[in-house]
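Only one structure is covered here, and it is reproduced in the block below.
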Amino acid sequence: MSPELATLAATIQDFVAREIVPVEQALPPEARGIPQEQVTALQVKARKAGFWCLDAPEEFGGGGLSTFEMAVVVEHMTKHRYAFPNPGQGVFGQGAPNVLYKGSPEQIEKYVRPTIDKGWTTFAAISEPSGGSDPARSIRTTARRTGAGWVLNGRKMWASNADHADYGIVYARTGGPGRTGISAFIVDGGTPGMHVTSVPVLRNHWTTEIVLEDCEIPAENLVGEEGQGFALAQQWLVRGRLHYAAQAVGVAEEAVKIASEWAKNRETFGALLASRQGVQFPLADSRVEINAARWLMWDAAWSDDRGEDARTASSIAKLYGTEMGFRVIDRAIQILGGMGVAKEGVLEHWFRDLRISRIVEGASEVHRYLIARDMLGAAALGNPQEGTKTS
Ligand SMILES: Cc1cc2nc3c(=O)[nH]c(=O)nc-3n(C[C@H](O)[C@H](O)[C@H](O)COP(=O)(O)OP(=O)(O)OC[C@H]3O[C@@H](n4cnc5c(N)ncnc54)[C@H](O)[C@@H]3O)c2cc1C
């Protein structure tokens, strides 16, 4: 790690501790997030500090950080209560949906630049009620060409932020079955024919369902070529997966700190918890697993930055990182006892968030399947003729 990156990570962690944590601690225990006015005020500070949209390419006003740099930065941005699914609850800016960085010059001007300049909120709608693990087969939403543009019909499930987003990317079928039949479209928030309802879930940040009924959008809202939607989205797989790994490493590291401090100060049966092996061993196991998860994440990130195919490495990092994070938070809760599940703390929130991290951006089983397929090739598919690596 370069000294510059180490300094950036430390400064961001300090910003989180000084600016975000006190705001969260002043909220009532039942709050599901930081109120928007306070997020907006914190965004001004984050911009001033140079922490704005670090993931977005520099040419569009972002920080242009590499995959490795982003993994390091996200780990340090995540050390606060409402850090999922986006660190700082958007305080650090979210950038445009990645597929749009390859959009037309008009799309860049109309959507990408304002998203970064003004901090617009966006959504990505891939999953459907028919299934999210295998969208190439399960997408049923259709986009039909008309004289003036496209008409979308169908249902999208779990599209986070769609109820308050300025716009989003909707993946719809324009061709036959499989991945080459899917195209990506920009849909503005409030477009007639798009009905969004909130879907409450385990975590604080709820998600949405979208019903598209003869939803008309202009021809120029197609991103890339017709049938390219899936291929465009796949280009950002590695960064997406590593975001989840980095968040898990960040909160696990913090949880171990909290649990260690507690154990050093809490006595039961006449001795400190820290003196009991029943407390030492889960802490030691957590230390080992956090270090392992971080190295797996860095390995995948370096591989991506070297231009190698890092898909399997990122599956390994996402799978191990999110499962490790859940185990570590669970152990920390056990060490704190009742205080571990109090809403005024952070562990209870991260426990619920990490449970979801094992499902989104590819469920753990899907990553195991992808890793095994990379190891076993054609045999994993049960058909030697179809044994090509596809995702
Ligand atoms: C809170 C939340 C936010 C989300 N945000 C978004 C979003 O913004 N945009 C979006 O498009 N989607 C989003 N999703 C959807 C998410 O990506 C899907 O839930 C996920 O991909 C799993 O799809 P599914 O729920 O349809 O489960 P299914 O695809 O039906 O799979 C169910 C379970 O089957 C198992 N499984 C699947 N395939 C295999 C296999 N090959 N081998 C063994 N086991 C397998 C896994 O355990 C999986 O959990 C979100 C989901 C949640 C819960």
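All heavy atoms count here, side chains included; hydrogens, waters and symmetry mates do not. One-based numbering, in listed order, for ligands and for the atoms of each. Owing to the predicted nature of the structure, the values given are computational and were not obtained by experimental measurement.
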of all protein heavy atoms, closest to atom 52 (C) of ligand 1 is V360 CG1, 3.4 Å

Check the side chains of T146 and E216 for a donor-acceptor pair under 3.5 angstrom, ignoring hydrogens and angles. no

Using non-hydrogen atoms of the residue, decide whether H205 is closer than 4.0 angstrom to ligand 1.
no

re atom 26 (O) of ligand 1, the protein heavy-atom contact at minimum distance is G132 N, 2.7 Å

Legend entry - Cation-pi check, R203 onto F84 ring (under 6.0 Å, within 45° of axis): no

Of S127, S364, A363, A233, the one whose closest heavy atom lies nearest atom 18 (C) of ligand 1 is S127

the protein heavy atom lying closest to atom 38 (N) of ligand 1 turns out to be V366 CG2, 3.6 Å

Residue, atom and distance of the protein heavy atom nearest atom 19 (O) of ligand 1 read I359 CG2, 3.9 Å

The protein heavy atom nearest to atom 14 (N) of ligand 1 is W158 CB, 3.2 Å

Partner of Y167 under side chain to side chain donor-acceptor pair (under 3.5 Å), picked from T122, T115, D188, is T115

Atom 9 (N) of ligand 1 sits nearest the protein heavy atom A124 O, 2.8 Å

Rounded to the nearest 0.5 Å, the CG atom of N291 sits from the OG atom of S286 at a distance of 11.0 Å

Given the options D353, V74, T322, Q247 meets side-chain contact (heavy atoms from CB on, under 4.5 Å) only with V74

In short, ring pair (Phe, Tyr, Trp, His ring centres under 6.0 Å) pairs touching residues 5-43 with sequence neighbours left out are F15-F51, F15-F92

re atom 44 (N) of ligand 1, the protein heavy-atom contact at minimum distance is E365 CB, 3.2 Å

The complete set of ring pair (Phe, Tyr, Trp, His ring centres under 6.0 Å) pairs with one or both residues in residues 239-289, sequence neighbours excluded, reads none

Among P135, A372, S160, the residue with a heavy atom nearest to atom 8 (O) of ligand 1 is S160

